[in-house]
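The structure under discussion appears below in the form of structure tokens.
Position 1 is the first residue of the sequence; numbering continues from there. Worth saying up front: this structure is predicted, and the values here are computed from it rather than measured. Keep in mind that the numbers below use all heavy atoms, side chains included, and drop hydrogens, waters and symmetry copies.
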Amino acid sequence: MLSYPSRVEESASRMAELHPPVEPYEHGMLDVGDGNRVYWESCGNPAGKPALVLHGGPGSGAGPFWRRLFDPAAYRIVLLDQRGCGRSTPDAADPSTSLDANTTPHLIADIELLRRHLGIGEWLVLGGSWGVTLALAYAEQHPERVSELVLFSVTNTTRREVEWVTRDMGRIFPEEWARFRDTVPEGERDGSLVDAYARMLADPDPAVRERAAREWCRWEDVHVSTHPGYRPDPRFEDPDFRLRFARLVTHYWRHAGFLADGALLRDAGKLAGIPGVLIHGRLDISGPPDVAWRLAQVWRDADLVLIGEEGHGLSGDATTEAVLAATDRFRPVDIP
């Protein structure tokens, strides 16, 4: 399979001064049940402060760039590829791979299994985009296991957010959205576009699946292109990545992240006592800043950082530097 850098890697690595590259000192495949094995790796200082990375998508995978958001002398940096993506198996790019055992409760259980496997008591959790939704769901279920949260491009994956991305953003990009809508059968265009795409991605005809994956990822590229200097995501050139990504995103979005709608905000009181930083670009229109703002009103231990002139992901210097400042802020005073 072809390998491409992620959108955050393309944008951030050429601007902000990241921590130096590091290689894993250990890695493995963890059997999490249901026929799934998730890839994990540990980098940095084995005696350092544990930190977990939760990638976006769902389905993006955790590339080497994520390691560079932490001081490797201070942190024990743990990355994992969530079920069905990256180096985890089975691969969601294979249309025969069932997604029935790929839900948010499954991912939370995987995180806890990995934590116990690595002998970690608690860890800082860093997440971006979908990784924010997963980090919040994990922290609200296991607050005693989370020392801090560093979250950028804040999402809750509510039904309203999904509708906003897949329909309301058409008011910003009307021509591109019309193409996105018109890819699905005419009789389904006024209903849930996520459901329609999920059905196409499960079609027995590979040409139908490929067209759905291509057009889904084309729209993904469009609706996050609101900031200066935006560049298309090179990963979408890979047909395997497109199918994997589109299958997993539509699977999670059509089920509103497998969470009771609005639950993350309602249960944010469970985060009391956990320090956090919420970082969001004001030009992240597809993920409106009010999601982060509303969370910060409930979670009083979190600092909200809104970045002007920047969009989704680590789209510029200021957002990237805010993430680096947050992980530096939570570094241990005495580094082993």
Side-chain angles (χ1 to χ4, degrees), residues 7 54-61 82-86 92-93 95 97-108 127-138 151 153-173 176-177 179-181 183-185 188-203 209 211-224 233 235-236 241-265 284-288 290-292 312-313:
R7 176 183 284 119
L54 296 178
H55 64 71
S60 292
Q82 295 158 31
R83 293 192 183 201
C85 70
T97 295
S98 172
L99 301 182
D100 289 347
N102 199 326
T103 70
T104 302
H106 285 103
L107 300 186
I108 291 173
S129 193
W130 155 254
V132 174
T133 295
L134 180 56
L136 289 170
Y138 172 73
L151 309 174
S153 299
V154 178
T155 69
N156 285 179
T157 317
T158 61
R159 295 195 181 281
R160 182 68 189 97
E161 288 172 71
V162 171
E163 183 75 1
W164 178 273
V165 174
T166 57
R167 193 167 290 276
D168 296 347
M169 279 296 292
R171 299 184 67 183
I172 312 298
F173 299 104
E176 295 86 349
W177 180 80
R179 174 173 178 149
F180 173 67
R181 176 202 60 198
T183 296
V184 309
E188 301 181 55
R189 292 173 188 170
D190 292 331
S192 167
L193 294 176
V194 178
D195 285 349
Y197 268 92
R199 285 190 287 271
M200 293 176 67
L201 289 161
D203 196 279
R209 297 196 301 269
R211 182 171 181 235
R214 183 181 294 277
E215 293 305 323
W216 181 273
C217 292
R218 188 193 300 270
W219 177 242
E220 289 271 2
D221 249 344
V222 168
H223 69 70
V224 298
D233 191 333
R235 297 173 301 174
F236 292 152
F241 183 88
R242 287 196 300 264
L243 184 57
R244 177 185 308 114
F245 183 87
R247 283 194 75 204
L248 286 168
V249 173
T250 56
H251 174 65
Y252 275 83
W253 283 16
R254 72 188 303 209
H255 293 101
F258 294 93
L259 298 163
D261 210 34
L264 294 182
L265 185 60
D284 187 353
I285 300 174
S286 64
D290 71 324
V291 176
H312 195 75

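To the nearest 0.5 Å, atom CD of residue E188 and atom CE of residue M200 are 8.5 Å apart. Atom CZ of residue F173 and atom NE2 of residue H223 lie 9.5 Å apart, to the nearest 0.5 angstrom. Annotation: the span from R242 atom CZ to R235 atom CZ amounts to 13.0 Å, rounded to 0.5 Å. Distance check: T250 OG1 to L201 CG gives 5.0 Å after rounding to the nearest 0.5 Å. Taking CE from M169 and CD from E176, the interatomic distance works out to 10.0 Å, rounded to the nearest 0.5 Å. To the nearest 0.5 angstrom, L259 atom CG is 5.0 Å from T104 atom OG1.
For V224 against S286, the heavy-atom pair with the smallest separation is CG1-OG, 3.7 Å. Residues C85 and L248 approach most closely at CB-CD1, 3.9 Å, considering heavy atoms. Closest heavy-atom contact between T155 and L136: O-CD1, 4.2 Å. Nearest heavy atom pair, residue L243 against residue P95, reads CD2-CD, 4.4 Å. Residues E220 and V249 share a closest heavy-atom pair of OE2-CG1, 3.8 Å.
Between W216 and F245, the distance separating the two ring centers is not shorter than 6.0 angstrom. In this structure, Y197 has its ring center no closer than 6.0 Å to that of H251.
Residues meeting the side-chain hydrogen bond (donor to acceptor under 3.5 Å, both in side chains) test with S129, sequence neighbours left out: H312. Evaluation of the ring pair (Phe, Tyr, Trp, His ring centres under 6.0 Å) rule for W130 yields Y252 as partners, not counting sequence neighbours. R83 is linked by a salt bridge (charged side-chain N to carboxylate O under 4.0 Å, His left out) to D34, D110, counting only residues two or more places apart in sequence or in another chain. Applying the side-chain hydrogen bond (donor to acceptor under 3.5 Å, both in side chains) test to R159 and every residue at least two apart in sequence or in another chain returns nothing. Annotation: salt bridge (charged side-chain N to carboxylate O under 4.0 Å, His left out) contacts of R181 (sequence neighbours excluded): none. Partners of T158 under the side-chain hydrogen bond (donor to acceptor under 3.5 Å, both in side chains) rule, at least two apart in sequence or in another chain, are E161. Under the salt bridge (charged side-chain N to carboxylate O under 4.0 Å, His left out) criterion, R189 pairs with D182, sequence neighbours left out. Taking H55 as the reference, nothing meets the ring pair (Phe, Tyr, Trp, His ring centres under 6.0 Å) condition, with sequence neighbours excluded. With sequence neighbours excluded, the residues forming a salt bridge (charged side-chain N to carboxylate O under 4.0 Å, His left out) with D290 are R294, listed by chain and number. Residues passing the side-chain hydrogen bond (donor to acceptor under 3.5 Å, both in side chains) test with R160, sequence neighbours excluded: D168. In this structure, H106 has no ring pair (Phe, Tyr, Trp, His ring centres under 6.0 Å) partners at least two apart in sequence or on a different chain.
No donor-acceptor pair under 3.5 Å is formed between the side chain of N156 and the backbone N or O of V291. Judged by distance alone, with hydrogens and angles left aside, the side-chain atoms of T97 form no donor-acceptor pair with the main-chain N or O of A93 at under 3.5 Å. Of the possible donor and acceptor atoms, none in the side chain of T166 sits under 3.5 Å from a partner among the backbone N and O of L193. Using modelled atom types, one side-chain atom of S153 and one backbone atom of G313 make a donor-acceptor pair closer than 3.5 Å. No side-chain donor-acceptor contact under 3.5 Å links T103 to the backbone of F258.
The only member of L264, V165, V132, T133 that meets side-chain contact (heavy atoms from CB on, under 4.5 Å) when paired with T157 is T133.
Applying the salt bridge (charged side-chain N to carboxylate O under 4.0 Å, His left out) test to residues at least two apart or on different chains, the pairs with a partner in residues 248-262 are D195-R254.
F180 has its side chain out of reach of R218: every pair of non-hydrogen atoms, C-beta onward, lies at least 4.5 Å apart.
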